Amino acid sequence: MPDKTAAPRPRKQGFLLEMRRNWGYYIMVLPAALVLFAFAYVPLPGLIVAFQQFNVVDAFRSPWVGLRNFEFFFLSGAAWRTTRNTMWLNFQFLIWINVISLSLAIMLNELRSNLSKKFYQNVMFLPFFFSVVIVAQLVVRVVFPDGMGIANQLVTFFGGDQVAWSREPGPWRWIIVFSGVWMAAGHQSIIYLAAISGIDNELFEASAIDGASRLKQIWHITLPMLLPTIIILTLLAIGGMLRGNFGLVWNLVYGIDRPQLGVYTDIIDTFVFRNIMTTINFSVAAAVGLYQSFVGFVLVFGSNWLVKRYEKDYALF
């Protein structure tokens, strides 16, 4: 005989019941979901172009060539160079943007004056709105020209000789990195600052009573509480590890006609763009784009799997 006094099992909530209960939230999400569907899922059938010799005049009768477009990229000698440069740049972006934005957020949080906090927050956020064309012109014409720009003035001030920056490919990798960090760190610091504001203030009050200094509070409370946010932003950045900052790289290097700097700065996106402009070969571009997406997919799922083994609550899915 079943025990009638036992509490009844809760019924499993179906998807339709969930939507009916929270229909307002789903309506708010609907515009973003439609945009995502239109730009991320509707074009998926176009991936077939990567396996065809695409014919612009009669696209539906383009001949099937299998993996030949992938062979062109991997056997051209540019695959390893562009992949290495892209991953190096994105790894540096990942490290430096996280470190600097996290540091800026913590320093902003330590300010006691709301007026000062808003002022510095706006100053740091401002570069995010600058066009990469403007940033590239400032970097090339003002900071790193071959003549007496800001960089050469500093070099000569400390007793060095002027540098012909247009003929020195080595430093430009770091110039691209710190230009990108300057543009993005302020924006990401707002995310960390919002996460810090969500930490229970009683934790800081209790630690202060126990005699913890501000540095110890940051190390033992702020940073551990920010760890889920750090991991999520890192996982999202890893997904685009093979997609470089095309606009910044192109305007800093190729937009000013300095292809000699490409040995260290040529990324997959600039290679694809030049290939389209010179040969109008959409099939190779589609093949390289599919290669980027596949590697990003593997990196995201692999990284998420590692995070899940460490702490399930920190994983994306």
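Worth saying up front: this structure is predicted, and the values here are computed from it rather than measured.
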[X] side chain near [Y] side chain, heavy-atom distance below 4.5 Å:
{"X": "Met124", "Y": "Leu108", "result": "yes"}
{"X": "Ile268", "Y": "Phe246", "result": "no"}
{"X": "Val177", "Y": "Trp96", "result": "yes"}
{"X": "Leu102", "Y": "Leu223", "result": "yes"}
{"X": "Thr222", "Y": "Ile196", "result": "yes"}
{"X": "Tyr120", "Y": "Met107", "result": "no"}
{"X": "Met183", "Y": "Val132", "result": "yes"}
{"X": "Ile176", "Y": "Phe93", "result": "yes"}

Task: Qualifying side chain to side chain donor-acceptor pair (under 3.5 Å) pairs, either residue in residues 195-207, two or more places apart - done: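 Qualifying pairs, neighbours excluded: Asn201-Glu205, Ser207-Gln217.
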- [ ] Scan residues 174-191 for pairs that pass side chain to side chain donor-acceptor pair (under 3.5 Å), counting only residues two or more places apart or in two chains.
- [x]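 For residues 174-191, and leaving out neighbouring residues, the side chain to side chain donor-acceptor pair (under 3.5 Å) pairs sorted by first residue read Asn98-Gln188.
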Are [X] and [Y] linked, directly or through other ILVMFWY residues, by side chains that come within less than 4.5 angstrom of each other?
{"X": "Tyr192", "Y": "Ile97", "answer": "no"}
{"X": "Leu226", "Y": "Ile218", "answer": "yes"}
{"X": "Leu306", "Y": "Leu235", "answer": "no"}
{"X": "Ile100", "Y": "Leu233", "answer": "no"}
{"X": "Phe178", "Y": "Val123", "answer": "yes"}

Other members of the hydrophobic cluster containing [X], with the 4.5 Å side-chain heavy-atom rule, please.
{"X": "Phe157", "value": "Phe158"}
{"X": "Val99", "value": "Phe91, Ile95"}
{"X": "Phe125", "value": "Phe128, Phe129, Ile190"}

When you measure from the side chain of [X] to the backbone N and O of [Y], does any donor-acceptor pair fall under 3.5 Å?
{"X": "Asn152", "Y": "Val163", "value": "yes"}
{"X": "Ser62", "Y": "Gln52", "value": "no"}
{"X": "Asn109", "Y": "Ala105", "value": "no"}
{"X": "Asn304", "Y": "Ala315", "value": "no"}
{"X": "Thr265", "Y": "Arg173", "value": "no"}

Taking all non-hydrogen atoms of both residues, which atom of [X] and which atom of [Y] are closest, and how far apart?
{"X": "Leu94", "Y": "Ala237", "answer": "CD1-CB, 3.5 Å"}
{"X": "Ile221", "Y": "Pro224", "answer": "O-CD, 3.4 Å"}
{"X": "Ala285", "Y": "Val272", "answer": "CB-CG1, 3.4 Å"}
{"X": "Thr156", "Y": "Met148", "answer": "OG1-CE, 3.9 Å"}
{"X": "Ile199", "Y": "Met225", "answer": "CD1-CB, 3.6 Å"}
{"X": "Ala38", "Y": "Pro43", "answer": "O-CD, 3.4 Å"}

State the [atom1]-[atom2] distance between [X] and [Y], to the nearest 0.5 angstrom.
{"X": "Leu193", "Y": "Leu104", "atom1": "CG", "atom2": "CG", "result": "10.0 Å"}
{"X": "Ile48", "Y": "Phe54", "atom1": "CD1", "atom2": "CZ", "result": "11.0 Å"}
{"X": "Met87", "Y": "Gln92", "atom1": "CE", "atom2": "CD", "result": "12.0 Å"}
{"X": "Tyr25", "Y": "Glu18", "atom1": "OH", "atom2": "CD", "result": "10.5 Å"}
{"X": "Thr270", "Y": "Asn245", "atom1": "OG1", "atom2": "CG", "result": "11.5 Å"}
{"X": "Ile267", "Y": "Asn90", "atom1": "CD1", "atom2": "CG", "result": "7.5 Å"}

Listing, residues 289-303 side-chain donor-acceptor contacts under 3.5 Å, not counting sequence neighbours, or none:
| from | atom 1 | to | atom 2 | distance (Å) |
| --- | --- | --- | --- | --- |
| Tyr291 | OH | Thr83 | OG1 | 3.2 |
| Gln292 | NE2 | Leu242 | O | 2.6 |
| Ser293 | OG | Arg243 | NH2 | 2.5 |
| Ser293 | OG | Gly289 | O | 3.0 |
| Ser303 | OG | Leu299 | O | 2.7 |

Task: Between Thr82 and Asp266, a side-chain donor and acceptor under 3.5 Å - done: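 No pair is found: no donor N or O on one side chain lies under 3.5 Å from an acceptor on the other.
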Open item on the list: Counting neighbours of CH2 on Trp64 that are heavy atoms of other residues, nucleotides or ligands and sit closer than 6.0 Å, is the number greater than 12?
Closed with: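 Yes, the 6.0 Å shell around CH2 holds more than 12 heavy atoms from other groups.
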Task: Flag if over 12 foreign heavy atoms under 6.0 Å of CZ, Arg68 - done: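 For Arg68, atom CZ is not crowded (no more than 12 foreign heavy atoms under 6.0 Å).
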- [ ] Could you tell me how the ring of Trp250 sits relative to the ring of Phe273: parallel (under 30°), tilted (30 to 60°) or perpendicular (over 60°)?
- [x]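 Perpendicular: the ring planes of Trp250 and Phe273 meet at over 60°.
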Open item on the list: I'd like to know whether Phe51 forms a side-chain contact (heavy atoms from CB on, under 4.5 Å) with Asn69, so could you lay out the CA-CA distance, the side-chain angles of the two residues, the decisive distance to 0.1 Å, and finally the verdict.
Closed with: CA-CA 7 Å; Phe51 305 94; Asn69 294 316; 5.8 Å; no
Task: Chi angles and distances behind the side-chain contact (heavy atoms from CB on, under 4.5 Å) call for Glu311, Leu227 - done: CA-CA 11 Å; Glu311 179 58 59; Leu227 188 58; over 6 Å; no
- [ ] Show the numbers, then the answer: is there a side-chain contact (heavy atoms from CB on, under 4.5 Å) between Trp80 and Phe74?
- [x] CA-CA 8 Å; Trp80 166 244; Phe74 286 105; over 6 Å; no
Open item on the list: Pair Asp161, Val155 - check side-chain contact (heavy atoms from CB on, under 4.5 Å), show working.
Closed with: CA-CA 7 Å; Asp161 298 326; Val155 170; 5.8 Å; no
Open item on the list: Can you confirm if the aromatic rings of Trp172 and Tyr264 lie within a centre distance of less than 6.0 Å?
Closed with: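 Distance test on ring centres: not under 6.0 Å, no.
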